[in-house]
2 protein chains.
Amino acid sequence: MHSFTEENYLKTIYYLATRMEGEVSTNALAEMTATKAASVTDMLRKLSEKQLIHYKKYQGVRLTEEGERLALQIIRRHRLWEVFLVEKLGFGWDEVHEIAEELEHIRSDELVTRLDAYLGNPQFDPHGDPIPTSAGQMPETGYRKLSEVKMGELVRLMGVLEHSTEFLQHLNHFQLTLGCSVAVTEINTFDKSVLLRITDDRMVFVSHEVAKNLLVD
Amino acid sequence: MHSFTEENYLKTIYYLATRMEGEVSTNALAEMTATKAASVTDMLRKLSEKQLIHYKKYQGVRLTEEGERLALQIIRRHRLWEVFLVEKLGFGWDEVHEIAEELEHIRSDELVTRLDAYLGNPQFDPHGDPIPTSAGQMPETGYRKLSEVKMGELVRLMGVLEHSTEFLQHLNHFQLTLGCSVAVTEINTFDKSVLLRITDDRMVFVSHEVAKNLLVD
DNA sequence: ATATTTTTTTAGACTTATCTAAATTTTTAG
DNA sequence: CTAAAAATTTAGATAAGTCTAAAAAAATAT
Ligand SMILES: [Mn+2]
Ligand SMILES: [Mn+2]
Ligand SMILES: [Mn+2]
Ligand SMILES: [Mn+2]
């Protein structure tokens with residue numbers, strides 16, 4: 001069996017691998033896991049011995065098939081629990097990440113199977129992230145960033161890239177919720193900020209920084 | 001904050017304290033936690049420093065008020081999660097203990113509050129054990145053991161003392177479920193085994209060993 | 001009351017995950 | 001192509017929780 005710590009490293013390697021080309025670096029992992037590079041090196045040696053990663057000294061790291069399978073399993077659990085917390089217990093989408101960080105490590109395949117069924121086999125978590133299938137596939141979403149949408153286009157808000165409480169509460173404040181339709185009515189060339197017309201004709205003004213973290217369909 | 005291990009020791013001390021008069025012994029704890037006496041002594045010193053137990057060398061151990069508060073909080077979480085697993089996810093009462101052993105350590109008061117409300121503020125878990133209140137009180141149940149019931153009495157099955165999968169499956173096999181009414185129609189003097197007439201007039205024969213582990217009203 | 005047995009604690013060691021400081025390798029710049 | 005900078009690994013420590021073996025205290029039996 002694998003420790004919580006090992007599971008968190010696998011998840012982090014998966015996350016970084018999707019966001020950078022090539023291998024994942026020791027320093028990037030140290031920053032993400034809030035540890036020091038030396039600690040990361042120790043763990044990489046261990047994960048490598050367990051054949052969960054491909055690792056050559058100084059050359060960065062990549063998940064093996066088994067490592068990726070495990071990472072996706074943990075991400076699946078995390079996202080299913082987030083759905084539970086929001087849909088069944090009524091938590092806000094800005095409140096569930098930390099709790100799911102703990103729940104994702106509960107070891108019981110039967111539990112995940114039943115939870116999935118109980119939630120109605122959801123395809124997306126409360127942040128619009130796709131839930132890996134029980135077979136271990138990460139579904140592809142063709143979403144673009146709102147910051148890449150052309151003037152005049154009409155799109156729907158489908159997910160967020162940034163998951164911090166502060167960002168999500170910022171969206172709450174502007175009543176920008178997943179599923180709402182968004183028309184790009186103005187793009188300022190100076191700072192790339194955008195003016196949106198959303199579902200009930202309300203106008204919302206968002207910075208480029210925000211637009212870069214919104215995914216649309 | 002307290003580690004999983006510390007929480008498990010507190011819970012075990014609480015459990016043993018309710019089942020033996022006086023202080024809890026090092027050896028009893030070692031047996032229950034499946035560790036060695038030497039390891040227990042180390043942990044007792046640590047819990048004592050944290051003021052969670054009263055401990056004098058060679059004199060056994062007793063929970064402080066704070067220690068008992070924590071123990072009851074963990075038991076509350078355990079039993080609420082068991083209700084969730086049985087009532088919402090459809091697990092059998094013989095399948096939930098191990099999973100609840102992990103879920104009970106998830107740290108979020110808000111989670112417990114919402115879970116409790118979602119479950120309809122249940123008073124008992126799937127094994128008939130009372131759920132400690134949010135204020136930290138363990139409700140009293142006036143249950144007797146079935147083995148103490150007199151011939152001819154009519155009672156209701158309210159709980160079990162033994163929680164092992166094997167025992168619970170044994171009860172499943174005889175369709176002895178919580179809430180069913182039980183008339184003691186015969187008590188054999190030789191081995192104290194009992195013949196019961198249960199809800200739908202079915203006759204069930206149980207050993208003294210089983211009767212000692214059934215709680216009735 | 002003393003000797004024997006049982007229980008408990010101490011001493012010293014191991015594992016996991018972490019750290020700091022130093023050494024080494026790779027990358028980048030001149 | 002070398003020299004400086006950056007990234008990474010190694011060396012040596014620490015803390016939590018566990019273990020075995022040995023010592024000490026308490027309980028039990030003669
Ligand atoms: Mn999350
Ligand atoms: Mn999420
Ligand atoms: Mn249980
Ligand atoms: Mn129970």
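First the proteins, then the strands, lettered A, B, ... as listed; each starts at 1.
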Can you list the steps and then say if B:Asn27 with B:Ser25 is a side chain to side chain donor-acceptor pair (under 3.5 Å)? CA-CA 5 Å; B:Asn27 269 358; B:Ser25 76; over 6 Å; no
Intermediate values then yes/no, side chain to side chain donor-acceptor pair (under 3.5 Å), B:His170 and B:Glu166: CA-CA 6 Å; B:His170 182 70; B:Glu166 300 71 43; over 6 Å; no
Please determine whether side chain to side chain donor-acceptor pair (under 3.5 Å) holds for the pair B:Asn8 and B:His105, giving the CA-CA distance in whole Å, both sets of side-chain angles, and the decisive distance to 0.1 Å. CA-CA 9 Å; B:Asn8 283 333; B:His105 300 292; 3.0 Å; yes
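Within residues 27-35 of chain B, the residues that place at least one heavy atom under 4.0 Å from DNA chain C are, in residue-number order, B:Asn27.
Between B:His127 and B:Trp93 the shortest heavy-atom distance is NE2-O, 2.8 Å.
Where A:Thr5 and B:Tyr55 each meet DNA chain C at their nearest nucleotide, the meeting point lying more 5' is that of B:Tyr55. Two residues, A:Ser3 and A:Gln59, neighbour DNA chain C, and the one matched to the more 5' nucleotide by heavy-atom proximity is A:Ser3.
Among C:dT8, D:dT18, D:dT9, the nucleotide with an atom closest to any side-chain atom of B:Thr41 is C:dT8. Checked against D:dT18, C:dT8, C:dT18, the side chain of A:Tyr9 finds its nearest nucleotide in C:dT18.
C:dG30: Watson-Crick or G-U partner is D:dC1, with both key distances under 3.5 Å.
For the pair A:Arg45 CZ and D:dA11 P, the computed distance is 10 Å after rounding to whole Å. A straight line from CG of B:Asp42 to C1' of D:dA16 spans 10 Å, rounded to a whole angstrom. What separates CE of A:Met43 from C1' of C:dT15 is a distance of 12 Å, to the nearest Å. Rounded to an integer number of Å, the gap from B:Phe4 CZ to D:dT18 P is 14 Å. With rounding to whole Å, B:Leu44 atom CG is found 14 Å from D:dT18 atom C1'. D:dA26 atom P lies 12 Å from atom NZ of B:Lys56, rounded to whole Å.
Side-chain N/O atoms of A:Glu66 and A:Thr64 include no donor and acceptor closer than 3.5 Å. Of the N and O atoms on the side chains of A:Gln169 and A:His173, not one donor lies less than 3.5 Å from an acceptor on the other residue.
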Expected rows: protein N/O vs nucleotides 20-24 of chain D N/O, under 3.5 Å:
unit_1: D:dT20; atom_1: OP2; unit_2: B:Lys36; atom_2: NZ; d: 3.1

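In this structure, A:Lys88 forms a cation-pi arrangement with A:Tyr118, its terminal cationic atom sitting closer than 6.0 Å to the ring centre and no more than 45° off the ring axis.
Residue B:Ser25 has no polar side-chain atom (N or O) positioned under 4.0 Å from OP1 or OP2 of C:dT7. Put simply, A:Lys57 has no side-chain N or O that comes within less than 4.0 Å of OP1 or OP2 on D:dA7.
Ion pairing between B:Lys56 and B:Glu23 fails under the 4.0 Å rule for side-chain N and carboxylate O. Look at B:Arg79 and B:Glu82 and you find no salt bridge, because none of the NZ, NE, NH1 or NH2 atoms lies under 4.0 Å from a carboxylate O.
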